[in-house]
Engineer: 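Before we start, here is the structure in question, set down as structure tokens.
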Amino acid sequence: MRVVVTGGAGNLGRQVIAALTAAGHDGISASRRSGVDITTGAGLADALEGAEAVVHTADTLLPWQFTRVTIEGTRRVAEAAASRPVPPHLVYISIAGVDRHPYRYYRAKLAAEQAILGIGAPATVVRATQFHSLAAAFASTLRIGRVAFGLRGMRIQPVDIAWVAGRLAEIATGQRPAAAVRHVDLAGPDVFDLERIAALVAAHQGRPAPRKLALPPVGGTLRAFADGVILPAAGAEIGGERFVEWLARQPARLPRR
């Protein structure tokens, strides 16, 4: 099966292609490196030629690019797929809780979801929790010396990126929906507060556990994090390597994403 992966040169995209290849499918990377630009549409039609499915992982974390890349880029990919004589099954990776969180990036992801669902062509929107590397980065970013700053009440349920990539590949090559649908959330097996994450990361790096300074959730964005909005919805699919197992395989200097 021919499956195009937008953002195929990125962390998630590369693993989706690896999962597709391991399963005997033809995973095709579509990124700026291969001449495809979702912000302009350049190379997109050619990349989708003969595609039976598309896994859309291309995105940005730059706030000034959210509209151009996350929203309009996704809309352009969805419209290009829908315009094919036989539209390929479009699979989009989103984030758990984006419909209940005011954080700007999450609002952009929700708008991208809505663009896909609004077109109505065969598509599956898949929300996942934060990857293990991002959970670890939270701990490092919020630590200053011996003090770790945490948000009172915030919990996180990190997930293995390789497992998510494998599930995206399986969904893309599985049963094709008749229209646009939502898949259940994907999440890892363990829930942590930031203090526990910080302690695990410190032990991994051979440093003493930091002292926790809990900050009150002030404002809508921080309250949403503290209220557990980024945790998976009921009925989520749980799987993948546990955070502590992932951490044990990492170098002392942890990956940022």
Side-chain angles (χ1 to χ4, degrees), residues 3-23 25 27-31 33 53-62 69-70 74 90-98 101 103 105-106 108-109 112-113 124-141 155-174 183-192 194 196-198 200-201 204-205 230-233 236-257:
V3 183
V4 172
V5 181
T6 67
N11 292 339
L12 177 60
R14 289 196 305 270
Q15 299 213 39
V16 172
I17 291 174
L20 289 166
T21 302
H25 301 289
I28 308 299
S29 175
S31 69
R33 295 183 187 180
V54 178
V55 181
H56 180 41
T57 72
D59 204 354
T60 181
L61 293 178
L62 301 176
V69 177
T70 305
T74 298
L90 174 62
V91 178
Y92 179 58
I93 180 66
S94 188
I95 305 170
V98 293
H101 207 300
Y103 181 41
Y105 176 53
Y106 288 5
K109 295 293 283 186
E113 288 185 8
T124 303
V125 172
V126 184
R127 293 177 179 175
T129 54
Q130 289 68 30
F131 297 140
H132 291 327
S133 55
L134 182 57
F138 280 163
S140 300
T141 301
R155 294 168 296 150
I156 189 169
Q157 191 168 342
V159 68
D160 175 21
I161 188 173
W163 179 71
V164 171
R167 290 297 293 123
L168 293 176
E170 290 168 352
I171 293 166
T173 57
H183 193 274
V184 296
D185 292 356
L186 304 180
D190 301 310
V191 181
F192 301 97
L194 293 186
R196 179 58 177 157
I197 291 279
L200 288 170
V201 170
H204 175 73
Q205 296 175 331
I230 63 172
L231 296 175
E237 184 178 341
I238 307 298
E241 187 176 44
R242 294 179 181 274
F243 178 79
V244 292
E245 297 169 337
W246 171 86
L247 186 62
R249 295 189 296 100
Q250 304 308 308
R253 186 171 182 176
L254 296 172
R256 301 297 296 179
R257 289 194 61 193

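Computed from a prediction, not measured in an experiment: that's the story for all the values here. Residues take their numbers from the sequence shown, with the count starting at 1.
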Engineer: Could you report the tightest heavy-atom contact between T60 and Y105, atom names first, then the distance?
Structural biologist: O-CE1, 3.5 Å
Engineer: Any donor and acceptor pair, going by atom type alone, linking the side chain of H25 with main-chain N or O of T173 inside 3.5 Å?
Structural biologist: no
Engineer: State which residues pass ring pair (Phe, Tyr, Trp, His ring centres under 6.0 Å) with H56; sequence neighbours excluded, sorted by chain then number.
Structural biologist: Y92
Engineer: When rounded to the nearest 0.5 angstrom, what is the spacing between CD in E113 and OG1 in T74?
Structural biologist: 10.0 Å
Engineer: For H183 and I171, indicate whether the former's side chain and the latter's backbone hold a donor-acceptor pair under 3.5 Å.
Structural biologist: no
Engineer: Quick check: do L168 and L12 have side-chain heavy atoms less than 4.5 Å from each other?
Structural biologist: yes
Engineer: Of all heavy-atom pairs between A128 and I93, which one has the smallest distance, and what is that distance?
Structural biologist: CB-CD1, 4.0 Å
Engineer: What's the separation between atom CD1 in I197 and atom CZ in F192, rounded to the nearest 0.5 Å?
Structural biologist: 5.0 Å
Engineer: Using 30° and 60° as the class limits, which term best fits the ring planes of H132 and W246: parallel, tilted or perpendicular?
Structural biologist: tilted
Engineer: Where is the tightest heavy-atom contact between A135 and I156, given as atom of each residue plus distance?
Structural biologist: CB-CD1, 3.9 Å
Engineer: What's the spacing between R167 CZ and E237 CD if we round to 0.5 Å?
Structural biologist: 4.0 Å
Engineer: Do side-chain atoms of Q157 reach the backbone of G188 as a donor and acceptor pair under 3.5 angstrom?
Structural biologist: yes
Engineer: Please report the interatomic distance OG1(T129) to CG(L186), rounded to the nearest 0.5 Å.
Structural biologist: 8.0 Å
Engineer: What's the separation between atom CG in D59 and atom CD1 in I95, rounded to the nearest 0.5 Å?
Structural biologist: 7.5 Å
Engineer: Counting N and O atoms only, with roles assigned by atom type, does the side chain of T6 sit under 3.5 Å from a partner on the main chain of T57, one being a donor and the other an acceptor?
Structural biologist: yes
Engineer: Could you list all the salt bridge (charged side-chain N to carboxylate O under 4.0 Å, His left out) pairs where at least one residue sits in residues 6-16, not counting sequence neighbours?
Structural biologist: none
Engineer: Indicate the atoms forming the closest heavy-atom contact of I17 with G8, along with that distance.
Structural biologist: CD1-O, 3.8 Å
Engineer: Suppose we screen for side chain to side chain donor-acceptor pair (under 3.5 Å). Which residues come up paired with E241, at least two apart in sequence or across chains?
Structural biologist: R249
Engineer: Quick check: closest heavy atoms across G27 and L20, and the distance to 0.1 Å?
Structural biologist: CA-CD1, 4.0 Å
Engineer: Going by the rule side chain to side chain donor-acceptor pair (under 3.5 Å), which residues pair with E245 if we only count those two or more places apart in sequence or in a different chain?
Structural biologist: none
Engineer: What residues form a ring pair (Phe, Tyr, Trp, His ring centres under 6.0 Å) with Y106, not counting sequence neighbours?
Structural biologist: H101, Y103
Engineer: Does the T70 side chain pair with the main chain of A108, one donor and one acceptor, at a distance under 3.5 Å?
Structural biologist: no
Engineer: Locate the shortest heavy-atom distance separating V3 from A172; write the atom from each residue and the value.
Structural biologist: CG1-CB, 4.4 Å
Engineer: Excluding sequence neighbours, so at least two apart, what forms ring pair (Phe, Tyr, Trp, His ring centres under 6.0 Å) with W163?
Structural biologist: none
Engineer: Find the distance between CG (L231) and CD (Q130) and round it off to the nearest 0.5 Å.
Structural biologist: 8.5 Å
Engineer: So, do L200 and H204 sit near enough that their side-chain heavy atoms are less than 4.5 Å apart?
Structural biologist: no
